[in-house]
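Remember, predicted model here, so these are calculated numbers, not experimental data. One is the number of the first residue; the rest follow in order along the sequence. Excluded from the calculations below are hydrogen atoms, water molecules and symmetry mates; all remaining heavy atoms, backbone and side chain alike, are included.
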Amino acid sequence: PMRRFLLLLTLSLAFPATANAGLATLQIREVPLAAARTPSASGALRPFQLVGVHWQGSGSVWLRTRSTTGRWSPWQPAEEADHDAPDTRTREGQALGAWRKSTPVWVGAATRVELRTRGRVVRARTLTVRSPVSLVPLRTVAAAGAPRIVTRAVWQADESIRREKPSYADALVMAHVHHTAGTNAYGPEQAPAIVRAIQTYHVQGNGWNDIGYNALVDRFGTVYEGRFGGLDRNVVGAHARGFNTGSFGIAVLGDFRAATPPPAAIDGLVRALAWRLDLAHVDPLGTFNGISSGNERFTPGIPVFLRAISGHRDTGLTTCPGEQLYAQLPAIARRVAALGLPKLYAPLARPDETGGIRFTARLSSALPWTATVTDASGVELGRASGSRPTVDWVWRPTGPITAGTRWRIETPGATPAEGTLAGGAAAQQPAARPLSLQEALAVAEGEGESVGIARTEVARAAELRG
């Protein structure tokens, strides 16, 4: 079961959050444009490993790089990444103005960039990131049943460049699976450097608050903490424009349009999704109608039928996460659902038409369950139990619901769900209470319980079980 963090012997938490500034550096260079389809050089550059392009105009841009050995790469299109971005109406989403931006590509050690344009391109600039390999050991924090996680301190995130404070969704309802594109031929020591380079590009190049993804997985199955704010909290990322709120964005390092994802990467992805969705009580095989906040594919307010584990292409005009990874998502969802049983899905507390409070939830199988309501001092006000695969109980209070009234639904071996009921005559839907890392570590020492609240009920997708 994945209900608690375990405190392992690790030194990763000893690293201060601000100790890793400046390991990756960005260089932005305006490129004088030649005639269409004619190479335009960026000029002399400091050695770099990751490159992206910003441009203005309705046309497209192609690029190639020259390695430190003098060899030029094949020409490749600068894949526009406006869909892989913050939500449009946020300040973060408006940072670049008229500039179109490409997905950053890890190219290995290089010293030159050339561009070619097609159609109308009036301005272009290259963004190159130098992100050297660090020799710091990848110490990790682990969760029961989940992968060992490389924290931001350990992969040496640059905390000095973060912009605004993180924002949080009331509930987590789905996961978006991405690929980062770029090379698949990197070693385990290079993977943290790639993550650092992506953070630098997203923040200093695109003007975002932080790295866009909530988590990343390398081809060896190692999971990296992404956007600042807590991997176990509902941090709003910048990875699926129009659908970032309530979504956990996880990206596999590599390009899987033609290449098959390594089994180790799939294993890491499965473990990360199983833990994170279980914490939020989301059924990995569920479906729901997500509401777009607006992007290039779906206008604001449009309901979109989505799986709880969706590919980025399901909400944006993109090939992400690549044909080969996307094709595996149904099988991945089944593996996620089977890992860490038993599970409790979609706990909900809402006013009943009879004047009571109705508590509902679903279990992964028929299991004994208990639902309780307590006041602020812990005195029990109501209790129900059962052994069916569904929880459905109406609690009828004898008087006004006082501030601090709490509820809890639990079944042996599963992550329990709990929340609060607002004071006053009318009970409100419970507020999400995600577990912080500090609380999780306290749990490991016997000082607390791990909890997660999901407020959106997700219907089971029968076709994914086939």
Side-chain angles (χ1 to χ4, degrees), residues 1-8 140-150 171-177 214-215 217 221-225 230-234 248 250 252 263-287 307-310 328-347 361-370 389-391 408-418 432-437 439-441 443-444 448-454 456-458 460-461 464-465:
M2 292 170 286
R3 64 187 183 277
R4 300 184 179 185
F5 268 96
L6 299 180
L7 180 61
L8 300 184
T140 55
V141 172
R148 297 178 65 89
I149 297 168
V150 178
L172 185 76
V173 297
M174 70 172 298
H176 271 97
V177 176
N214 299 105
V217 183
T222 304
V223 180
Y224 300 82
E225 179 184 8
L231 189 58
D232 49 356
R233 302 185 66 188
N234 305 328
F248 178 71
I250 184 165
V252 182
I266 297 297
D267 290 346
L269 181 63
V270 167
R271 290 192 297 269
L273 288 171
W275 166 70
R276 189 60 188 90
L277 294 183
D278 181 60
L279 189 63
H281 300 294
V282 173
D283 184 350
L285 298 177
T287 61
R307 296 171 292 181
I309 300 178
S310 289
Q328 294 194 38
L329 290 187
I332 288 171
R334 289 192 291 269
R335 288 184 58 186
V336 170
L339 183 60
L341 294 172
K343 298 182 181 182
L344 189 156
Y345 299 132
R362 292 186 293 106
L363 305 176
S364 53
S365 60
L367 295 165
W369 56 264
T370 302
T390 57
V391 175
R408 182 180 177 92
I409 301 173
E410 56 189 327
T411 188
T415 302
E418 66 179 30
R433 183 185 180 275
L435 186 68
S436 71
L437 184 58
E439 290 174 307
L441 294 174
V443 169
E449 288 289 325
S450 85
V451 297
I453 304 302
T456 300
E457 188 164 2
V458 181
R460 185 171 301 271
L464 294 180
R465 296 196 181 280

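- Looking only at side-chain heavy atoms (C-beta outward), Val177 and Ile309 come within less than 4.5 Å of each other.
- The two residues Ala308 and Pro284 have their closest heavy-atom pair at CB-O, 3.9 Å.
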Going through the checks in order, is the side-chain contact (heavy atoms from CB on, under 4.5 Å) test met by Thr415 and Leu344?
CA-CA 7 Å; Thr415 302; Leu344 189 156; over 6 Å; no
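- We find the CE-CG distance between Met174 and Leu273 to be 11.0 Å, quoted to the nearest 0.5 Å.
- With Thr411 contributing its side chain and Pro368 its backbone, the two residues share a donor-acceptor pair below 3.5 Å.
- Contact detail for Ala361 and Pro347: the closest heavy-atom pair is CB-CA, 3.9 Å.
- In this structure, Arg307 and Leu329 have side chains that are in contact, with non-hydrogen atoms separated by less than 4.5 Å.
- In this structure, Pro342 and Leu367 approach most closely via the heavy-atom pair CB-CD1, 3.4 Å.
- Tyr345 has its side chain out of reach of Pro389: every pair of non-hydrogen atoms, C-beta onward, lies at least 4.5 Å apart.
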Walk me through it: do Leu231 and Phe248 pass the test side-chain contact (heavy atoms from CB on, under 4.5 Å)?
CA-CA 9 Å; Leu231 189 58; Phe248 178 71; 3.8 Å; yes
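- Taking the charged nitrogens against the carboxylate oxygens, Lys343 and Asp283 have no contact shorter than 4.0 Å, which rules out a salt bridge.
- A heavy-atom distance below 4.5 Å is found between the side chains of Arg276 and Leu172.
- Looking at Leu339 and Trp275, their side chains never come closer than 4.5 Å, going by heavy atoms from C-beta outward.
- Closest approach of Val223 to Gly268, counting heavy atoms only: CG2-O, 3.8 Å.
- Judged purely by atom type and a 3.5 angstrom limit, His281 uses its side chain to pair as donor or acceptor with the backbone of Pro416.
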